[in-house]
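In what follows, every chain begins at residue 1, and chains take the letters A, B, ... in the order their sequences are listed. Quantities reported herein were computed from a predicted structural model and do not represent experimental measurements.
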Amino acid sequence: MSRSLLRSLLPVISLAVVLGATFYVQPRTMSYFGLNLMLQYAVPIALATIAQMFIITVNDLDLSIGPFVGLVGCISATLLYSNPLLGALALLLCIAAYAAVGALVHSRNLPSIVVTLGLSFVWLGIAVLILPSPGGKAPEWLKSIMALQTPFIPFPIIAAIVIGLVVQLALMHSSLGVIARGAGGNPRAMARAGWSMLKTKAAMYALAGFFGVLSGLSLLGLTTSADAHVADRYTLYSIAGVILGGGEFIGGRVSPLGAVIGALTLALAGSFLIFLRISPDWQIGAQGAILILVLALKAPLTPRDASK
Amino acid sequence: MNHTAIKLDGVERNFGAVRALAGVSLAVGSGECLGLVGHNGAGKSTLMHILAGTLSPDKGDISVGGTRHEGYWSVNVARTNGIRCVFQELSLCPNLTVAENVRIVHGSLKGIGWKKRSQDIALQKLDEIFPGHGISPSDAISDLPIGKRQMAEIARAFTVTDIPLRLVILDEPTSSLDAVTAQQLLTFVRSQVTKGTSVILISHLLGDILGTCDRIAVMKDGKTVAERPAKKFDRHSLVAAMGTEVNQNKSTTAKLAKAKSQAPVAIRAKPKTAADTGELIAHQGEIIGLAGLSGHGQTRMLLQIFSRSDAEVPAPVAFIAGDRQSDGIFHLWSIASNVTIRSLRSLLRRGLIASDGEGLLAAEWKKRMGIRTSDMNNNILTLSGGNQQKTLFARALGSEARIILMDDPMRGVDIGTKLEVYEMIAREAKAGRTFVWYTTEMEELQYCDRAYVFRNGAIAASLEHEDLTEEKILQASFAESSAA
């Protein structure tokens, strides 16, 4: 088997291994109900991972996606619940804010890591202002979407496949997707071909904001009430998901389907560790160990640049 | 050749104090192949960037098809006027496929079926220019070797969708091509020209220029100094047009050089970048120049000596970077810390840095190099560019290093500073230090005892001080043709 094929299959293989191990430890999960329960939180994680992937596509990193998802939850559990129009407007504003961050990062040539790290506290602050203590209510329609009982295949799996395929089509196969990835691959070449890097970055950040909003909404649909801190861990989950899925930090090399698979793997790894009865104190560390293991496997499969 | 495709009138462009283009007037007729030659820094690249719209001129007019262009000249204006450019450093996105890279330069390749159309025109153009190329349009650029990348980029420049091709600029297009594909390209260029497309060919291979172009323009110091039909040029007259006569009294230094070559050998190295190459030998106290067109392996030679791979270098080495902003200075540090960083080990006292020793060393070199500042504890960025460069010299000369490698360190430095530094180098060499000096400036070679001329990663010639004329260096820098 060629190295590049093995490399593109690595996310699928790691998902299969984690899934197989889970079924082995707890055979009862091998059912419609079991899978539904295990994977329902994979949907918001997958959406946040897609959001992160758009940022990574243009060689940046978003350290604020977790608190941002939390903020979206808080807005949706209060404003969107009581005043749908105003709530929708606020969420649109969130997306616009993301686009503005992209434009700022590009035009001032700022490191995205620093900007988004700062912003993570801004999002958290606003979320706490809106909802000082956990509470609020999810809109009914949101709850019913997330509790959807689809025939034969559990809803989270269908949702993940749909998200992955739609983004895969848009980013990897559309003519505009080429421009987005090219901006990560060689920004100077794109500028020489007459494309505006400012517009590209703003658009990619806006897309990240859009998927961040979707992630916050789907998470609220599951938890039914909001908490500013509920998604703090999503920042690292999303980055890990993109890399686990075959993406790279620089160079515009990303894979939307891979990113969704990476998110599913991470969500499953959490359940797997619970089934192993590993104490919650050790779970984060164990999850990190799994991550390091998979990434270490990926390293020897990464092709070196032929020109170097 | 009745119409002009593009015409430049008195185009000027400055970078800070450096005048890259000093009023260039140049016209390319439709269906004409114009050759552009000149030594480093003659302004060829700047001129090309202006034509392609990636740089805008400070002054002057650009006319397209006989009418003067009004308003801002940009990449997109250049593109809609059918101007394409193959830059020397490749402009492809390595993470994308060949077809996707074609899509990037064609706004009209979109909607349903864009991928198929893009692949078709990519493949068709590759077949047309380089028969038997062995590239698939769905290959990712990063999977292709450098030669095939260059072929893909050249083919991309000639692809046509909605805008007819007016002018294609090729900057050193054959630098990574083998003899066969290079010939295929030159043949294709001739056939394009007969179809009415104009081509500007920039190359250091004079045989290619003489054999392919209708007309040749020679650039020097930001101006065109000669412009004649190619038939009126031959290799010698072309080289002569590029250079200048430098008359200097050399008898004294020549005698000195003879004496130095008796001194023990300080460096012996062979460039790893080419198979068939001469050897670099430096004796103690010599100033060795590395000459030739930029990017032909000189910096890699310096790095090879620095890392002592395949190089005999018995004494400690210091490196003076040319790109001081990215490779030289520590932006957040003081001038003093920037000077002493290379010497910290000798400043250690009981495992810690002796700060009084550090201050003394900085103060001494402030005086010796004449760094113009009121306080060496000021931030390095408070200095002018020339004084920042002096700081880098102080860092190297203040250390225990006996061999100093210099990577074109005088880029963008004012003439006053240069003369001070030249004097310093001569003094240090007399005291026994060895210098290896890569320079893109002819005049600086006059300070060298011997120079090695690099071409395509190999040492093409070794010239003693008395032979260091511009003509001889140019002769060695420009090969006969790509087949050679």
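Chosen from B:Leu109, B:Thr54, B:Ile104, the residue pairing most often with chain A at heavy-atom distances under 4.5 Å is B:Ile104. The most heavy-atom pairs under 4.5 Å with chain A, out of B:Val77, B:Asn76, B:Asn95, come from B:Asn95.
Heavy atoms only, all atoms of each residue included: B:Ala78 and B:Ala52 are closest at CB-O, 3.5 Å. In plain terms, the two heavy atoms of B:Met151 and B:Leu126 that are nearest each other are O-CD2, 3.9 Å. B:Leu201 and B:Pro173 make their closest contact through CD1-CG, 3.6 Å (heavy atoms, listed as atom of the first residue, atom of the second, distance).
For the residue pair A:Ser64/A:Trp123, the side-chain donor-acceptor check at 3.5 Å is satisfied. B:Ser91 and A:Arg192 share a donor-acceptor pair across their side chains, judged by distance under 3.5 Å alone. Between the side chains of A:Thr265 and A:Ser14, no donor-acceptor pair is found at a separation under 3.5 Å.
When heavy atoms are compared at a cutoff of 4.5 Å, B:Lys110 approaches chain A by way of both its backbone and its side chain. Only the side chain of B:Leu96 comes within contact range of chain A, with at least one heavy atom under 4.5 Å from a heavy atom of that chain. Heavy-atom distances place the backbone of B:Leu92, and not its side chain, under 4.5 Å from chain A. In this structure, chain B has heavy atoms under 4.5 Å from both the backbone and the side chain of A:Arg181. When heavy atoms are compared at a cutoff of 4.5 Å, A:Ala183 does not approach chain B at all. Residue B:His106 does not touch chain A at all, counting heavy-atom pairs closer than 4.5 Å.
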